[in-house]
Amino acid sequence: MTRHIVIDPITRLEGHGKIDVILNDQGEVDHAYFQVPELRGFEKFAQGRPAEDMPQITSRICGVCPMAHHMAATKALDDLYQIEPAPAARVIRELAYNTFMFEDHALHFYFLGGPDFIVGPTAPKDQRNVLGVVAKVGVEVGKKVIAMRRAARDLISLLAGKVIHPVFGLPGGVSRQVRAEEQERAVQVARQAVEFAEFTLGAFHDIVLKNRQYVALITSPAYTHQTYYMGLVDEKNRVNFYDGAVRVVTPQGKEYARFQARDYLKHIAEHVEPWSFMKFCYLKNVGWKGFEEAPASGVYAVAPLARLNVSDGMPTPKAQAAYEEFFGTLGPRPVHHTLATHWARVIELLCAAEMMLQLAQSPLLVDPNIRNIPTAKPAEGIGIVEAPRGTLIHHYATDEKGVITMANLIVATQNNAARIAMSVDRAAKALIKGGQADDGVLNMIEMAFRAYDPCNGCATHSLPGHMPLLLRIYDPRHRLVNEIRRAGGFTDFQGRGAERAGATEK
Amino acid sequence: MSKPKVGFYWCASCGGCEESVVDLAEAILDVAAAVDFVFFPVAMDFKRSDVEAMADGAMAACMINGAIRSSEQRAMAKLLRRKAQILIAYGACSHQGGIPGLANLFDRQSILQTVYRDTPSTVNPGDIRPEASTRIPHGEVELPVLDEQVKSLDQVVPVDYYIPGCAPPVQLLKDALAAILTGRLPPKGSVLAPDKALCEQCPRAPSKPDNLLIDQFKRPHLERIDPEKCLLAQGFLCLGPATRGGCGWACINANMPCTGCLGPVSRTRDYGGAAMSALASLVNSNDEAQIAAMLETIVDPAGTFYRYGLPASLLFARAGANADKGGHEP
């Protein structure tokens with residue numbers, strides 16, 4: 001008998017995430033396929049465009065993290081034209097970038113991942129969203145979140161021209177100087193950000209870490225994968241979002257590789273599967289061994305947990321204290337619990353806020369020399385940043401006029417794609433028995449998803465990141481046995497899974 | 001009296017249009033007080049079946065962002081068209097095709113070849129491509145087939161109004177919502193933004209000579225840019241003369257030239273054509289060879305003049321119409 005369960009709205013399931021679960025002859029799960037079913041082809045239509053347009057064109061890969069693409073592209077232009085940004089430009093860029101990281105992480109905590117924990121796994125579904133968060137923590141806090149987001153985004157608009165989509169990036173500099181009175185405003189917003197981040201970390205402590213059930217959930221084997229980790233570090237191997245060397249650690253926490261942007265092709269490769277438009281990254285020198293854990297497999301992870309795992313510390317004092325507490329509680333390094341990403345993200349929120357304050361106070365911020373003008377002949381350029389969702393690489397080759405002949409983009413979520421696929425498969429195998437499934441399956445999958453905060457828009461250079469899901473179960477003769485659907489979106493997709501995860505845990 | 005029902009849906013987009021709604025910030029509370037959002041997948045939990053169950057025209061207005069490039073998006077556009085009294089194309093992709101529309105410069109096969117074979121980090125010895133259907137040990141898994149062409153919304157369904165921009169400026173969204181609520185809407189087919197070129201009232205307009213003539217086009221990354229002076233007068237390719245205003249001169253205030261994301265004013269059928277003729281009239285030469293040499297300095301005319309509007313342009317409107325037979329209104 002074919003049972004057809006529709007849990008949730010169809011929204012854009014064709015265009016977003018899709019999971020096909022295939023059963024074997026015994027009715028057990030053979031494999032679950034996490035698919036991304038769309039492609040926009042930025043790498044192709046970048047060809048023929050002037051390189052200097054890349055910061056503005058590639059930001060359209062993602063309207064949620066446009067600054068990450070804008071900045072990776074701008075840094076690739078620095079490299080293309082072999083020119084260092086003027087010192088003031090570096091400060092302006094880093095201030096804009098840390099403000100963006102702060103704002104994006106705050107959005108995730110309060111609007112996306114947070115509702116699961118703050119409102120609680122057993123709360124009614126219509127409360128498991130940002131409004132539920134406001135109800136739980138108070139209207140005043142809700143207003144504070146909205147006001148903070150607006151202040152941060154206004155600061156980005158001021159520095160970058162537009163917040164969706166920035167325009168200030170030029171090789172060797174930025175387009176616009178910061179005025180003295182604007183610096184005062186930036187310092188004010190940065191102070192507010194530090195206070196806000198400390199408040200948020202405190203809330204995370206009170207609501208999540210003091211709750212034994214939540215901590216048990218975070219450390220449960222269902223959400224644990226032994227893989228390599230990757231992230232940018234500064235010269236002292238501390239977390240850096242804007243610049244540095246790429247560091248990779250083994251599942252045991254040993255440094256496996258440490259390399260500069262220009263060497264990325266020696267270390268990172270992408271694997272193609274016929275059943276998804278998303279390519280799967282892996283460590284080239286370990287090799288692609290399928291969707292397997294380390295040590296045999298080159299699958300690795302990026303994003304907040306990975307960044308903390310590859311770093312020896314944080315660049316700012318308050319974040320450093322939080323980092324020590326994190327590994328003191330869950331350690332030793334590396335921590336393999338995917339859900340610990342939520343905690344790591346709040347620590348990074350504090351780091352980004354402290355960085356904002358340091359940068360906003362720099363006398364260089366208002367220095368009028370904001371550009372070095374390129375004179376070199378362009379040929380090839382590579383730029384790397386840490387996007388909120390992980391390591392992001394832009395690589396361009398051009399003709400002598402600086403017109404793009406090749407563009408290669410390795411995007412945050414793509415780095416995590418194999419590990420996400422593994423999480424999906426594990427959840428399916430654990431929870432689907434005899435072809436039967438309920439909401440709990442989707443629930444468990446979503447809990448894992450939310451921690452990665454996947455952005456499939458970035459990953460396929462195609463779509464935005466708030467992903468509806470379609471889960472279909474097929475028997476060996478390709479007859480549809482079961483179908484579960486779920487909408488994407490800020491509050492729904494992000495807010496709903498927890499209840500069912502809670503139910504599953506019982 | 002019940003509040004007017006409003007929908008907000010996304011097709012092939014980057015998510016920036018959704019962020020622009022969230023950027024209403026505190027004002028979103030006023031909006032929520034004035035209208036009922038009955039379909040807003042990114043923020044609220046309503047089902048497609050809820051939309052299907054609505055009477056035709058039940059929604060006072062529905063905004064759709066993103067370009068159209070799949071059967072599912074076409075189906076949703078048609079469904080929402082039926083259910084909404086007013087259908088609004090929201091943002092540059094829906095309005096004109098947007099930056100993803102640049103894919104129309106290439107065919108689908110060459111896009112797949114670049115992404116899955118030619119990019120230098122791709123390791124694909126079997127030359128595998130994503131397939132509509134893949135045999136696996138116990139069955140098969142499927143992927144949708146991509147459309148050959150990217151389209152603007154009005155190439156798929158009739159559109160009543162347009163809110164332009166990439167992303168639309170928050171003020172335009174506020175003004176549009178106010179117009180919907182008071183019923184004070186302009187004639188159908190209008191773009192809900194000032195019908196004036198960006199150049200008019202530009203803060204740098206006083207430094208634009210009356211008889212502006214350009215000797216040479218400059219690329220912004222290779223020259224210093226005076227932060228006060230008209231960008232065109234400096235020789236930078238600022239598309240302000242051809243582009244609709246309403247953005248608050250955001251790019252120009254950041255000392256970068258306008259790239260045309262709000263599209264043309266109402267008198268213009270083809271944005272790129274208008275932009276090119278506006279610039280051609282500024283060329284300071286009557287010598288053909290000299291003019292040709294100057295135009296050579298514009299290294300990417302297609303990507304420069306049609307950056308946000310290739311699918312909607314006269315170049316592609318016809319090609320797009322023939323490419324996907326299933327995609328057109330009967």
Side-chain angles (χ1 to χ4, degrees), chain A residues 9-11 14-15 20 22 24 30 33 35 37 39-41 43-45 48-50 52 57 60-64 66 146 150 153 161-162 164-165 167-168 170-171 175-176 265 268-272 274-277 374 401 403 408 410 457 464-466 474 476 478 487-492, chain B residues 10 13-17 19-20 23 25-26 41-48 70 72-73 99-100 102-103 105-106 110-111 114-116 119-124 128-131 134 136-141 143-144 146 166-167 219-222 224-225 250-251 254-256 259 299-300 303:
Chain A
I10 302 166
T11 53
E14 293 287 315
D20 277 13
I22 309 298
N24 61 21
D30 181 68
Y33 293 86
Q35 303 173 268
L39 177 84
R40 284 186 299 185
E43 284 154 324
K44 185 66 191 182
F45 66 72
R49 315 281 79 75
E52 69 269 22
I57 287 177
R60 269 69 180 196
I61 290 169
C62 179
V64 179
I146 291 174
R150 185 165 51 77
R153 287 176 76 84
K162 286 163 67 195
I164 332 163
H165 293 273
V167 301
F168 72 149
L170 290 164
S175 64
R176 183 185 175 282
L265 283 174
I268 298 172
E270 296 173 285
H271 168 79
V272 181
W275 44 267
S276 181
F277 284 111
K401 282 180 167 176
V403 174
N408 192 35
I410 293 185
H466 308 291
Y474 294 101
H478 202 63
F490 287 116
T491 53
D492 171 67
Chain B
W10 53 356
S13 65
C14 71
C17 285
E19 290 275 347
S20 77
D23 282 344
E26 288 85 349
V42 78
M44 304 180 89
D45 181 15
F46 294 105
K47 305 178 184 186
R48 176 172 172 165
S70 75
E72 193 260 347
Q73 289 158 355
I99 283 185
L102 288 172
L105 290 169
F106 303 91
S110 71
I111 292 172
T114 295
V115 174
Y116 299 105
T119 38
S121 47
T122 300
V123 176
N124 188 4
I128 290 162
R129 300 276 185 283
E131 300 289 346
T134 305
I136 43 103
H138 290 278
E140 55 189 318
V141 288
L143 283 174
L146 296 179
C166 184
R219 290 165 73 178
H221 66 301
L222 296 177
R224 300 226 172 258
I225 308 174
C251 297
N255 207 27
M256 286 293 275
T259 60
V299 294
D300 174 27

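Lettering follows sequence order; numbering is per chain, from 1.
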Discussion item. Using every non-hydrogen atom in the two residues, find where B/P130 and A/S276 come nearest and quote the distance to one decimal.
Written reply: CG-O, 3.5 Å
Worksheet item: Heavy atoms, side chains only, cut-off 4.5 Å: are A/F45 and B/I99 in contact?
Response: yes
Practice prompt. Heavy atoms only, distances under 4.5 angstrom: which of B/C17, B/G303, B/S110 has the most pairs with chain A? Name it, please.
Written response: B/S110
Discussion item. Quick check on A/I164 against chain B: is it the side chain, the backbone, both or neither that has a heavy atom closer than 4.5 Å?
Written reply: both
Worksheet entry | Contact origin within A/L265 toward chain B - heavy atom pairs under 4.5 Å | side chain
Worksheet item: Between A/V272 and B/I128, what is the shortest heavy-atom contact and its length?
Response: CG1-O, 3.6 Å
Fill in: Engaged part of A/P374 at the chain B interface, taking heavy atoms whose separation is under 4.5 Å
both
Discussion item. Testing the basics here: between A/K162 and B/C166, what is the closest heavy-atom pair and its distance to 0.1 Å?
Written reply: NZ-O, 2.7 Å
Worksheet item: Under 3.5 Å, side chain of B/T119 to main-chain N/O of A/N408, donor-acceptor pair present?
Response: no
Fill in: Over all atoms of both residues, closest heavy-atom pair of B/A254 and A/S175
O-OG, 2.5 Å
Response to the item:
The interface call for A/R60 against chain B, heavy-atom contacts under 4.5 Å, is both
Item to complete: Let me know if B/T259 has heavy atoms under 4.5 Å from chain A in its side chain, its backbone, both or neither.
Response: side chain
Fill in: Beyond-backbone contact of A/V403 with B/D300, side-chain heavy atoms, under 4.5 angstrom
no
Worksheet entry | Side-chain heavy-atom pair B/D23, A/R153 within 4.5 angstrom cut-off | yes
Worksheet item: Any side-chain heavy atom of B/H221 within less than 4.5 Å of one from A/P50?
Response: no
Discussion item. When you measure from the side chain of B/Y116 to the backbone of A/P274, do you find a donor-acceptor pair of N or O atoms at a distance under 3.5 Å?
Written reply: no
Worksheet, complete the sentence: One option among B/E26, B/E131, B/R129 has the most heavy-atom pairs under 4.5 Å with chain A, and it is B/E26
Worksheet, complete the sentence: Greatest number of non-hydrogen atom pairs under 4.5 angstrom with chain A, of B/A250, B/C251, B/P120, B/A167, falls to B/P120
Item to complete: Let me know if A/K401 has heavy atoms under 4.5 Å from chain B in its side chain, its backbone, both or neither.
Response: both
Worksheet item: Which atoms of B/T134 come close to chain A, meaning under 4.5 Å heavy atom to heavy atom: side chain ones, backbone ones, both, or neither?
Response: side chain
Worksheet item: Stepwise, does the side-chain contact (heavy atoms from CB on, under 4.5 Å) test hold for B/V115 with A/K44?
Response: CA-CA 7 Å; B/V115 174; A/K44 185 66 191 182; 5.5 Å; no
Item to complete: For the residue pair A/R176 and B/M256, establish whether any side-chain heavy-atom pair is separated by less than 4.5 Å.
Response: no
Practice prompt. State, without any angle test, whether B/S121 and A/E270 hold a side-chain donor-acceptor pair at a distance under 3.5 Å.
Written response: yes
Fill in: Per-residue contact mode, A/R49 against chain B (heavy atom under 4.5 angstrom)
both
